[in-house]
*Asks:* 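Below is the structure I would like to discuss, written out as structure tokens.
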Amino acid sequence: MNPLQEETFYQQFSNQRVPKPAYQRRTYLCYQLKPHEGSVIAKEKRHAEICFIDDIKSRQLDPSQRFEITCYVTWSPCPTCAKKLIAFVKDHPHISLRLFASRLYFHWRQKHKRELRHLQKSGIPLAVMSYLGRETAELPGDGKEGQRKEESLGPQRAGLLLSRTPEPEYLLSFISEFKDCWEKFVDHKGRPFQPWNKLKQYSESIGRRLQRILQPLNNLENDFRNLRL
């Protein structure tokens with residue numbers, strides 16, 4: 001895998017408006033194939049989603065085994081790519097796919113909205129990448145002095161309500177897609193992910209927009225965020 005450079009990640013995965021001086025935002029797709037390694041795909045002459053499909057097909061995955069793929073993508077799929085992804089999953093029932101997008105591509109166009117709904121309805125969950133702050137609090141009455149837990153500062157992410165059921169050892173853990181993408185696909189040389197200004201605000205705003213597009217599909221069970229790579 002050729003990891004992303006830090007500057008490329010911050011520029012291309014940013015959900016802010018493009019600052020001046022402006023730069024071109026391309027489509028980057030980072031995917032984790034469980035139980036195999038991950039990979040990074042950038043849009044060149046072909047859309048990143050099409051290159052991703054070709055890359056997975058070239059692996060000739062054993063159809064008798066189950067595979068899970070999580071994709072982090074800078075833009076949500078265009079209508080053509082959405083159709084290609086749907087056909088790919090339909091032809092490969094041993095592969096489950098889920099998508100997290102930093103931004104929505106031409107979200108005001110009816111054709112794009114329709115294909116995003118079709119994508120979700122076809123069993124390919126789509127959500128907006130998020131970054132959640134955390135706070136710690138003492139667990140009352142558990143008999144363990146100093147035991148602490150983590151709680152999300154926001155109960156809703158991209159229109160999906162999260163369960164607050166604690167994990168073992170009383171720890172509530174919420175995955176941050178931006179942070180996870182940074183750790184798995186960026187050549188960060190040990191440096192931690194640094195959220196940019198208003199990242200959470202923009203993420204929640206884009207998430208609400210996606211929620212409106214997917215209605216009434218957002219009432220379906222889509223708690224796939226609780227899955228782990």
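We number each residue from 1, following the sequence as shown.
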*Asks:* If we only count heavy atoms from C-beta on, is the R59 to L33 side-chain gap below 4.5 Å?
*Replies:* yes
*Asks:* Contact between R46 and D54 at the side-chain level, heavy atoms closer than 4.5 Å - yes or no?
*Replies:*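 A side-chain contact under 4.5 Å exists here.
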*Asks:* Answer yes or no: is there a donor N or O on one side and an acceptor on the other, between the side chain of S122 and the main chain of H118, under 3.5 Å?
*Replies:* yes
*Asks:* Give a yes or no answer on whether the side chain of S14 reaches the backbone of Q11 with a donor-acceptor pair at less than 3.5 Å.
*Replies:* no
*Asks:* Roughly how far, to the nearest 0.5 Å, is the CD atom of Q194 from the CD atom of E6?
*Replies:*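 The distance works out to 9.5 Å.
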*Asks:* Do the side chains of T70 and L97 get nearer than 4.5 Å, heavy atoms only?
*Replies:*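 They are not in side-chain contact.
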*Asks:* Grab the two heavy atoms, one from R66 and one from S96, that are nearest each other, plus how far apart they are.
*Replies:* NH2-CB, 3.8 Å
*Asks:* Please find the pair of heavy atoms, one from I95 and one from V89, that lie closest to each other, and give the distance.
*Replies:* O-CG1, 4.1 Å
*Asks:* I'd like to know if K111 pairs up with E115 as an ion pair, taking the criterion as any Lys NZ or Arg NE/NH1/NH2 lying under 4.0 Å from an Asp or Glu carboxylate oxygen.
*Replies:*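 Salt bridge between K111 and E115, a charged N being under 4.0 Å from a carboxylate O: no.
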*Asks:* Please round to the nearest 0.5 Å and tell me the distance separating atom CD1 of I206 and atom CZ of R209.
*Replies:* 6.5 Å
*Asks:* What's the separation between atom OG in S205 and atom NZ in K200, rounded to the nearest 0.5 Å?
*Replies:* 12.0 Å
*Asks:* Starting from the C-alpha separation in whole Å, work towards a yes-or-no answer on side-chain contact (heavy atoms from CB on, under 4.5 Å) for Y31 and D55.
*Replies:* CA-CA 11 Å; Y31 73 86; D55 190 40; 2.3 Å; yes
*Asks:* Please determine whether the number of non-hydrogen atoms from other residues, nucleotides or ligands lying under 6.0 Å from atom NZ of K113 exceeds 12.
*Replies:*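 Atom NZ in K113 is crowded, with more than 12 foreign heavy atoms closer than 6.0 Å.
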*Asks:* Please determine whether ring pair (Phe, Tyr, Trp, His ring centres under 6.0 Å) holds for the pair F100 and Y72, giving the CA-CA distance in whole Å, both sets of side-chain angles, and the decisive distance to 0.1 Å.
*Replies:* CA-CA 5 Å; F100 293 97; Y72 296 134; 5.7 Å; yes
*Asks:* Taking atom CG of N15 and atom CD of Q201, what is their separation to the nearest 0.5 Å?
*Replies:* 10.0 Å
*Asks:* Are F178 and Y202 linked, directly or through other ILVMFWY residues, by side chains that come within less than 4.5 angstrom of each other?
*Replies:* no
*Asks:* Can you check side-chain contact (heavy atoms from CB on, under 4.5 Å) on L99 and L85, steps first, answer last?
*Replies:* CA-CA 10 Å; L99 305 173; L85 290 170; 4.0 Å; yes
*Asks:* Counting distance only, does the side-chain N/O of E177 pair as donor-acceptor with the main-chain N or O of S102 below 3.5 Å?
*Replies:* no
*Asks:* Apply ring pair (Phe, Tyr, Trp, His ring centres under 6.0 Å) to the pair F9 and F185, showing each step before the final yes or no.
*Replies:* CA-CA 9 Å; F9 173 84; F185 302 105; 9.6 Å; no
*Asks:* Rounded to the nearest 0.5 Å, how far does CD of Q5 lie from NE2 of H188?
*Replies:* 12.0 Å
*Asks:* Got F52 and C71 here, is their nearest side-chain heavy-atom distance under 4.5 Å?
*Replies:* yes
*Asks:* Taking side chain as C-beta onward, heavy atoms only, is R25 less than 4.5 Å from R103?
*Replies:* yes
*Asks:* Is there a chain of hydrophobic side chains (I, L, V, M, F, W, Y, each step under 4.5 Å between heavy atoms) that links L4 to Y131?
*Replies:* yes
*Asks:* Any side-chain to backbone donor/acceptor pair from S203 onto M129? Under 3.5 Å, distance only.
*Replies:* yes
*Asks:* Please determine whether residues I50 and I56 belong to a single hydrophobic cluster, defined as Ile, Leu, Val, Met, Phe, Trp and Tyr linked transitively by side-chain heavy-atom distances below 4.5 Å.
*Replies:* no
*Asks:* Name the orientation class of the two ring planes belonging to F88 and H92 (parallel below 30°, tilted from 30 to 60°, perpendicular beyond 60°).
*Replies:*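 Ring orientation of F88 relative to H92: tilted.
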*Asks:* Side chains of E183 and C181, heavy atoms from C-beta outward: is any pair under 4.5 Å?
*Replies:* no
*Asks:* Taking the side chain as C-beta and beyond, is there a heavy-atom pair between N197 and Q16 under 4.5 Å?
*Replies:*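 Yes. Closest side-chain heavy atoms under 4.5 Å.
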*Asks:* Between K84 and E49, is there a side-chain heavy-atom distance shorter than 4.5 Å?
*Replies:*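 They are not in side-chain contact.
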*Asks:* Among K189, K184, R191, which residue meets the salt bridge (Lys or Arg N to Asp or Glu O under 4.0 Å) test with D187?
*Replies:* K189
*Asks:* Quick one: does R117's side chain have a donor or acceptor within less than 3.5 Å of a partner on Q215's backbone?
*Replies:*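 It does not hold such a pair.
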*Asks:* Might you point out which heavy atoms bring T27 and A48 nearest each other, and give the distance in Å?
*Replies:* CG2-CB, 3.7 Å
*Asks:* Pairs under 3.5 angstrom only: tabulate donor-acceptor contacts from the side chains of residues 74-82 to other protein residues two or more places apart or in another chain.
*Replies:*
unit_1, atom_1, unit_2, atom_2, d
T74, OG1, R26, O, 3.0
T74, OG1, Y28, N, 3.0
S76, OG, Y105, N, 2.8

*Asks:* With K90, which residues qualify under side-chain contact (heavy atoms from CB on, under 4.5 Å), at least two apart?
*Replies:*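 For K90, no residue satisfies side-chain contact (heavy atoms from CB on, under 4.5 Å) once neighbours in sequence are set aside.
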*Asks:* Ring pair (Phe, Tyr, Trp, His ring centres under 6.0 Å) between F13 and W196: does it pass, once the steps are laid out?
*Replies:* CA-CA 11 Å; F13 275 90; W196 48 85; 8.8 Å; no
*Asks:* What distance do L119 atom CG and I124 atom CD1 have between them, rounded to the nearest 0.5 Å?
*Replies:*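 Interatomic distance, L119 CG to I124 CD1, rounded to 0.5 Å: 4.5 Å.
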*Asks:* Quick one, H107 with H112, criterion side-chain contact (heavy atoms from CB on, under 4.5 Å). Give me CA distance, side-chain angles, the key distance, then yes/no.
*Replies:* CA-CA 6 Å; H107 58 83; H112 289 66; over 6 Å; no
